[in-house]
Amino acid sequence: MSMLIAIDGPAASGKGTLARRLARHFNVPHLDTGLLYRATAAGLLQQGVRLDDVERAVAVARGLALTDFDDDQLRGREMGEAASIVAAIPEVRAALIDAQRRFASRPEGAIIDGRDIGTVICPDAPVKIFVTASPETRAQRRALELAGRGEKVDFAALLADISKRDERDSSRSSAPLKVAPDAITLDTTALGIEEAFAAALQIVSGRAAR
Ligand code: DC
C-alpha cells in the first residue's frame with residue numbers, strides 16, 4: 001500500500017512536528033503546506049504589494065517551487081498571520097492545488113500537513129489525522145518555539161494570534177479548516193511529542209489493517 005497520510009489541524013497544534021516524525025519513521029517525503037501560503041505572503045511583502053492583491057498573489061503562488069523555502073524566514077509569527085490572510089483567497093488556493101496533489105501522488109508515498117489536506121487536497125488519503133490541542137497549550141508551544149529561535153514572546157499576544165487565526169482559518173468560505181468525516185482526531189493537549197507520535201503510529205496501523 002502506498003503510504004499517504006493527510007494531517008490537518010489548527011495553528012501550533014503540533015501537526016508539523018508529528019508529520020516530520022512520521023516522515024522520518026516511514027522514510028517518505030513530507031510537505032508542510034503552510035509554507036506554501038507563508039512563501040506566497042512573503043513574496044507579496046517583498047514586492048511591497050498588498051496581501052489582498054489577488055492577481056499578484058496568484059502570480060507569486062504559481063511561481064513557487066516546493067523545494068526552495070527558507071524555513072527560518074517564513075516561520076515567524078508575522079508570516080503566519082500574513083499567510084492566513086492570503087490563504088483565504090480562493091484563487092491562491094486554486095493556484096496551489098496541482099503542486100500539492102502531484103506531491104501526494106508520489107509513488108513512494110507522502111506525508112502532507114495543512115488545513116485542507118484530508119478534505120480538499122487528498123480526499124482519498126487512506127490515513128487522515130486531525131491534530132488538535134487547547135489554544136493555551138498551542139500558545140505555550142509556540143512561545144517555546146519562538147523563544148528557541150531568539151524571538152521575543154508575549155504569551156497573551158500569542159494566544160490572541162492563535163484565536164484570530166483559528167477564527168479566520170475556520171470561517172473562510174474556501175476550504176476552511178474542518179475535520180474530514182473519515183479523519184481520526186488526535187488531541188495532543190496532554191501529550192508530549194513521543195506520546196503523540198506513538199498515538200499517531202497506532203492510528204496509522206489501525207487504518208492500514210482495515
Ligand atoms: O500551518 P501554518 O501555521 O504554517 O499555516 C499558516 C497559514 O496558512 C494558516 O494560518 C492558514 C494557511 N494554510 C491553509 O490555509 N491551508 C493549508 N493547507 C496550510 C496552511
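Both ligands and their constituent atoms are indexed starting at 1 by order of listing. When a residue number appears, it is its place in the shown sequence, counting from 1.
- Considering both main-chain and side-chain atoms, D116 comes within under 3.5 Å of ligand 1 through a nitrogen or oxygen pair.
- A salt bridge does not link D116 with R172: every distance from a Lys NZ or Arg NE/NH1/NH2 to an Asp or Glu carboxylate oxygen is 4.0 Å or more.
- With values rounded to the nearest 0.5 angstrom, E78 atom CD is found 6.0 Å from E151 atom CD.
- Considering backbone and side-chain atoms alike, D113 places every N or O at 3.5 Å or more from each N or O of ligand 1.
- At a 3.5 angstrom cut-off on N or O pairs, Y37 does not count as close to ligand 1.
- If you chain together hydrophobic residues whose side chains sit under 4.5 Å apart, F130 and I5 never meet in one group.
- When heavy-atom distances to ligand 1 are checked against a 4.0 Å cut-off, R168 has no atom that comes that close, whether in backbone or side chain.
- Under a 4.0 Å criterion applied to the non-hydrogen atoms of A83, ligand 1 contributes the atoms 6 (C), 7 (C), 8 (O).
- Within a 6.0 Å sphere centred on CZ of R62, other residues, nucleotides and ligands contribute 12 heavy atoms or fewer.
- When non-hydrogen atoms are compared, ligand 1 lies under 4.0 Å from the side chain of R172 (C-beta onward) but not from its backbone.
- Against a heavy-atom cut-off of under 4.0 Å, T33 is close to the following atoms of ligand 1: 17 (C), 18 (N), 19 (C).
- The G114 neighbourhood of ligand 1 comprises atoms 17 (C), 18 (N), 19 (C), with distances under 4.0 Å to a heavy atom of that residue.
- Of the listed options M79, R115, R93, R115 places a heavy atom closest to atom 2 (P) of ligand 1.
- Note on E145 versus R138: no salt bridge recorded, every NZ/NE/NH1/NH2 to OD/OE distance being 4.0 Å or above.
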